[in-house]
There are 2 protein chains.
Amino acid sequence: MKVKEIPENTLHRLVIYLKVLEDLEKKRIESISSEELARRCGVNSAQLRKDLTFVGHLGTKGVGYNVRSLKYSLKNFLGRSQEWNLVLGGLSPLGIFLLENKELQKEGFYFMAAFDHREENIAKIYNGVSVYSLDQISYVFKAIKVDIGVITAEENPEIYLEAFLNQGLKAILNLSKAPLFVKDTSVKIENFSFPLALTKLSYFLKDSDKG
Amino acid sequence: MKVKEIPENTLHRLVIYLKVLEDLEKKRIESISSEELARRCGVNSAQLRKDLTFVGHLGTKGVGYNVRSLKYSLKNFLGRSQEWNLVLGGLSPLGIFLLENKELQKEGFYFMAAFDHREENIAKIYNGVSVYSLDQISYVFKAIKVDIGVITAEENPEIYLEAFLNQGLKAILNLSKAPLFVKDTSVKIENFSFPLALTKLSYFLKDSDKG
DNA sequence: AAGTGTGAACTTTTTCACAGCT
DNA sequence: AGCTGTGAAAAAGTTCACACTT
């Protein structure tokens with residue numbers, strides 16, 4: 001049986017639903033309708049229900065959704081019931097910020113190693129994470145299981161991408177200024193940078209001037 | 001004449017085209033075909049050409065695009081020919097990182113003020129940017145022109161959103177963990193957080209296990 | 001000859017609307 | 001009576017394919 005591929009936008013929304021459900025659970029809300037949950041997620045209720053069909057049948061007709069069980073299903077569906085190991089590529093200020101920040105650990109994402117191509121950074125330790133030379137990458141990848149590569153290099157991010165792909169990594173969060181792409185559909189890259197996000201807003205502001 | 005609203009995905013791609021063109025210009029590449037530019041941006045060439053129709057007629061038939069002039073048109077179209085003033089909401093480690101980082105200034109985004117609701121942070125200065133109490137917000141907004149609000153609060157991001165909207169801000173970059181939404185379509189919110197981005201990757205990894 | 005710009009065809013996504021379960 | 005789950009309809013987005021310009 002061929003499982004229908006989940007659309008990118010649906011995935012994006014499912015991730016939001018999960019986060020909003022976690023907050024609802026903290027607020028001790030036990031049950032919610034698609035209408036109300038959709039409102040809190042900025043979407044249409046029919047869309048929310050349709051999105052949830054990818055996860056499975058989870059509501060009770062005439063009643064709504066149990067917050068705790070829907071959260072649990074979504075968390076499981078999105079692969080967030082397990083922990084994931086990260087490596088960092090490129091020791092920029094943002095890279096150091098991420099290594100030192102404890103928030104990702106709380107969410108189950110653990111940096112296991114960092115890589116940099118500049119001699120002066122090698123063997124430094126940030127929050128218990130060692131910085132290795134890119135030359136040592138195959139040695140490091142043999143010693144630990146790595147799931148996700150996070151690229152924070154300010155220059156030549158593509159050298160980290162290439163090194164990660166050579167090691168067989170299939171998931172990359174690219175936080176460098178330059179968006180990165182690969183043809184290989186077995187590899188997933190998420191591109192984000194602050195200037196890119198701000199540019200979408202600057203378009204919006206410029207455009208609303210004209211109105 | 002009613003100008004057709006630009007789709008969200010098209011906007012996202014246009015922002016990428018601009019960044020890739022800037023890099024091409026740095027590499028002294030003067031001319032490029034839609035085929036080649038599309039390849040570098042991870043899209044189909046017909047889509048790239050269609051996307052560019054929102055910007056205007058910019059290529060030369062039989063030849064391709066002039067990198068410099070296309071970059072210039074896109075930059076202008078996206079509102080990046082001008083500078084924009086930012087304010088920060090919530091003095092988290094990420095907030096401090098952004099204030100201290102010079103990269104955004106290089107791109108034409110300037111933090112003018114920061115706000116925090118915790119007494120102990122008021123009047124601190126980071127990289128020349130002063131931290132104000134939320135109570136002082138209307139005073140600060142009267143003194144300076146503000147274009148974009150950047151929310152980096154680790155808790156209760158919605159209080160900063162509300163304060164910014166009360167001051168008439170129309171563009172928000174929300175970097176807190178909780179996605180934020182508003183009904184008012186004259187307000188644009190970009191939501192991003194590291195855990196959300198990583199969750200998309202964790203779904204991908206979990207899903208490819210099954211294959 | 002080469003490669004853009006664009007209607008038309010196709011595909012995907014969203015919304016509607018209601019049958020059916022609790 | 002109320003709200004989910006889902007086919008069917010509508011809308012939106014993508015790709016094709018070629019006329020047209022340089």
Side-chain angles (χ1 to χ4, degrees), chain A residues 2-17 20-21 24 29-74 77 181 183 185 200, chain B residues 2-17 20-21 24 29-74 77 181 183 185 200:
Chain A
K2 187 167 178 295
V3 176
K4 199 159 179 252
E5 184 109 4
I6 187 172
E8 183 60 34
N9 285 353
T10 298
L11 174 58
H12 184 89
R13 288 190 298 265
L14 289 176
V15 172
I16 289 170
Y17 304 156
V20 170
L21 285 163
L24 287 169
I29 292 167
E30 291 179 7
S31 177
I32 194 163
S33 68
S34 63
E35 191 78 36
E36 173 62 10
L37 181 56
R39 198 188 53 73
R40 291 178 185 248
C41 296
V43 300
N44 171 302
S45 70
Q47 180 157 78
L48 182 141
R49 294 198 301 275
K50 190 75 98 182
D51 287 343
L52 290 182
T53 61
F54 286 96
V55 183
H57 299 181
L58 307 149
T60 307
K61 294 188 180 185
V63 177
Y65 300 89
N66 178 278
V67 169
R68 203 174 141 73
S69 81
L70 182 54
K71 183 212 73 172
Y72 187 84
S73 298
L74 267 172
F77 181 80
F181 305 94
K183 283 213 162 160
T185 55
K200 290 192 197 175
Chain B
K2 187 168 176 295
V3 177
K4 197 158 180 255
E5 185 108 3
I6 188 173
E8 185 59 35
N9 286 353
T10 298
L11 174 58
H12 185 89
R13 290 190 298 265
L14 289 176
V15 172
I16 290 170
Y17 304 155
V20 169
L21 285 163
L24 287 170
I29 292 167
E30 290 180 8
S31 177
I32 195 162
S33 67
S34 63
E35 192 79 37
E36 172 63 9
L37 181 56
R39 197 188 54 73
R40 292 178 183 249
C41 296
V43 300
N44 171 302
S45 69
Q47 179 155 78
L48 182 141
R49 293 199 300 277
K50 191 75 98 181
D51 287 344
L52 290 181
T53 60
F54 286 96
V55 183
H57 299 182
L58 309 149
T60 308
K61 293 188 180 188
V63 178
Y65 299 89
N66 177 278
V67 169
R68 203 173 142 73
S69 79
L70 181 54
K71 184 212 73 172
Y72 187 84
S73 297
L74 267 173
F77 181 80
F181 305 95
K183 282 213 162 160
T185 56
K200 290 191 198 177

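First the proteins, then the strands, lettered A, B, ... as listed; each starts at 1.
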Which of these nucleotides, C:dT4, C:dT14, D:dT15, is closest to any side-chain atom of B:S34?
C:dT4

Rounded to the nearest 0.5 Å, what separation is found between the CZ atom of A:F54 and the CG atom of A:L74?
13.0 Å

Hey, is the main chain of B:S69 close enough, under 3.5 Å, to the side chain of B:S73 for a donor-acceptor pair?
yes

Check the distance between C:dG3's C1' and B:K61's NZ and give it to me in whole angstrom.
10 Å

Nearest-Å distance for atom pair CD/C1', residues B:E8 and D:dA11:
17 Å

To the nearest angstrom, the CD-C1' distance between B:E35 and C:dA2 comes to 12 Å

Sugar-phosphate atoms are those with a prime plus P, OP1 and OP2; base atoms are the rest. Using that split, label each nucleotide of nucleotides 6-12 of chain C B, S or - for protein heavy atoms under 4.0 Å, 5' to 3'.
BBB----

Rounded to the nearest angstrom, tell me the gap between atom CG in A:N66 and atom C1' in D:dT4.
15 Å

Quick one: A:L37 CG to D:dG5 P, roughly how many Å, whole number?
12 Å

When you measure from the side-chain N and O atoms of A:R13 to the phosphate of C:dT14, is any distance below 4.0 Å, counting only OP1 and OP2?
yes

B:I32 atom CD1 is separated from C:dT4 atom C1', nearest whole Å, by 14 Å

Gap between atoms CG and P, on B:D51 and D:dA12 respectively (whole Å)
17 Å

Looking at B:R40 and B:E36, does any basic side-chain N land under 4.0 Å from a carboxylate oxygen?
yes

For a quick test of reading the model: is some side-chain N or O of B:Y65 closer than 4.0 Å to OP1 or OP2 of C:dG5?
yes

Counting the atoms with a prime plus P, OP1 and OP2 as sugar-phosphate, which does B:L52 contact under 4.0 Å by heavy atoms, base, sugar-phosphate, or nothing?
nothing

Taking all heavy atoms of A:Y17 and all of A:C41, pick out the closest pair and write down the distance.
CD2-SG, 3.6 Å

Rounded to the nearest 0.5 Å, how far does CD1 of B:I6 lie from CG of B:D51?
7.5 Å

Flag if over 12 foreign heavy atoms under 6.0 Å of OH, A:Y72:
no

Does the side chain of A:F181 reach to within under 4.5 Å of the side chain of B:V43, using non-hydrogen atoms?
no

Gap between atoms CG and C1', on A:N44 and D:dT4 respectively (whole Å):
14 Å

